[in-house]
Amino acid sequence: MSDAASHLQRLIALKGPLSLSEFMTEALWHPRAGYYAGSEVLGAAGDYVTSPEISQMFGELLGLWCVAMWEAMGRPRPLLLLELGPGRGTLMADALRAARSRPDFLAAAELHLVEASQRLARLQRARLEGVPASWHAHLGEVPEGASIVLANEFLDALPIVQLERSAAGWRERLVDYHPGAGFRFILAPGPAAQEALLSPAERAAPVGSIAELSPAAISLASTLARRLVEQGGGALFIDYGRRAGERGPTLQALRRHARADALATPGHADLTAHVDFAAFARAAREAGAACHGPIAQGAFLAALGIRERAERLAAAAPQQAEAVRASLRRLIAPEAMGSLFQAFALAHPALPVPPGFERAP
Ligand code: SAH
């Protein structure tokens with residue numbers, strides 16, 4: 001049994017069944033045994049490959065998105081350029097390279113990276129060597145000021161809770177441990193307070209339905225929205241999201257590029273859930289921010305000019321043309337990452353529609 005599994009087993013013996021969000025937090029973040037303390041997470045040798053690791057075009061276009069937002073904000077100096085969950089630092093390195101065409105933007109930008117994993121923060125420091133930047137364990141540590149925020153595959157990593165509609169009403173699904181059966185879900189005996197966070201349509205789902213909520217994502221939406229409304233700026237989130245009206249559980253475990261049982265190997269598999277952008281937007285709007293999207297990643301990147309960028313790269317290095325076109329397809333084709341992944345922005349309400357969202361609902 002893994003360290004994380006025996007740690008969780010002991011915790012359940014002491015406290016009783018755990019909320020799924022507690023189980024996820026321990027499985028991902030236990031300082032020694034957690035998934036993020038482990039060796040290789042991202043990249044071809046790790047458990048999954050993210051868009052910035054597929055092609056430099058992704059980070060470059062996001063860098064130009066930041067420049068355009070900064071212009072729309074009236075070119076504040078300084079500008080806090082923030083990234084949440086920067087992974088290996090690839091997105092930010094590519095974004096800054098693309099922004100070199102605008103030295104005035106780079107001179108104004110002050111880099112802040114929010115990263116909870118010390119191991120990944122070390123990789124980011126190495127990747128961004130020579131670039132002045134500050135690292136923070138959470139958003140609350142970032143100084144005040146007008147800001148532009150980027151976050152790719154960050155929200156899906158935040159812990160969730162699951163509720164199930166029983167004949168007696170909504171109950172939280174808790175994680176229990178049984179020798180022989182291992183970790184398994186049971187229903188809490190009493191009503192679930194988080195029911196109040198479900199939309200009326202979700203609440204009306206039939207007996208047996210499972211709903212997911214991320215209290216951490218909802219609280220981030222409020223905090224960030226308040227920050228952008230008070231101090232100015234905008235934020236771009238890209239992640240795999242629920243489709244409009246899609247219901248049911250999406251919790252998944254990924255281990256070496258393959259699906260695994262979510263409760264079976266804590267500490268050894270990445271645990272994620274599809275992002276509920278509708279719930280995220282409700283919380284951000286309540287705090288006064290304007291919301292744009294979600295729109296499909298394919299449509300968003302196409303609007304930012306990824307096809308033209310790919311053709312220019314292919315023409316500049318013909319021996320790499322096939323590889324460039326292959327990564328373009330991976331990022332934008334609907335059967336690859338183009339439609340499951342979605343882009344969503346929140347911004348100060350006085351700002352114009354952010355680039356790429358002109359045709360968004
Ligand atoms: N954006 C990167 C990495 C995505 S993986 C990419 O696209 O390649 C998720 C990232 O978020 C990792 O860097 C992880 O360590 C970080 N992370 C996850 N939960 C976090 C939290 N609660 N606070 C800060 N960082 C977190």
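Whatever order the structure lists them in is the order used to number ligands and atoms, beginning at 1. Along the sequence shown, residues carry numbers from 1.
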Quick one: does ligand 1 sit under 4.0 Å from the side chain of [X], the backbone, both or neither, non-hydrogen atoms only?
X: Trp29; answer: side chain
X: Leu158; answer: side chain
X: Thr50; answer: side chain

Test item: side-chain donor near acceptor, Ser19 and Glu172, under 3.5 Å: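 Per modelled atom types, Ser19 and Glu172 side chains form a pair under 3.5 Å.
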Using a strict 4.0 Å threshold on nitrogen-to-oxygen distance, state whether Arg227 and Glu144 make a salt bridge.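 No salt bridge links Arg227 with Glu144.
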Under 4.0 Å from a heavy atom of [X]: which atoms of ligand 1 are those, numbered in the order shown and with their elements?
X: Ser117; answer: 15 (O)
X: Phe154; answer: 11 (O), 17 (N), 20 (C), 21 (C), 23 (N), 24 (C), 25 (N), 26 (C)
X: Gly87; answer: 2 (C), 3 (C), 13 (O)
X: Pro52; answer: 6 (C), 7 (O), 8 (O)

Would you say Leu120 touches ligand 1, if touching means a heavy atom closer than 4.0 Å? yes
Non-hydrogen atom of Glu115 closer than 4.0 Å to ligand 1: yes
Measure the acute angle between the ring planes of Phe341 and Tyr240, then classify it against the limits of 30° and 60° as parallel, tilted or perpendicular.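 Ring orientation, 0 to 90° scale: perpendicular.
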Can you say whether the rings of Phe357 and His292 are parallel (under 30°), tilted (30 to 60°) or perpendicular (over 60°)? tilted
Test the Arg125-Trp135 pair against the cation-pi criterion, namely NZ or CZ under 6.0 angstrom from the six-membered ring centroid and within 45° of the ring axis. yes
Any heavy-atom pair between the side chains of Pro215 and Val161 that's under 4.5 Å?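 Result yes, sub-4.5 Å side-chain heavy-atom pair found.
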Drop me the distance from Met337's CE to Ile332's CD1, to the nearest 0.5 angstrom. 12.5 Å
Counting heavy atoms only, name the option from Ala121, Gly85, Ala216 that's nearest to atom 10 (C) of ligand 1. Gly85
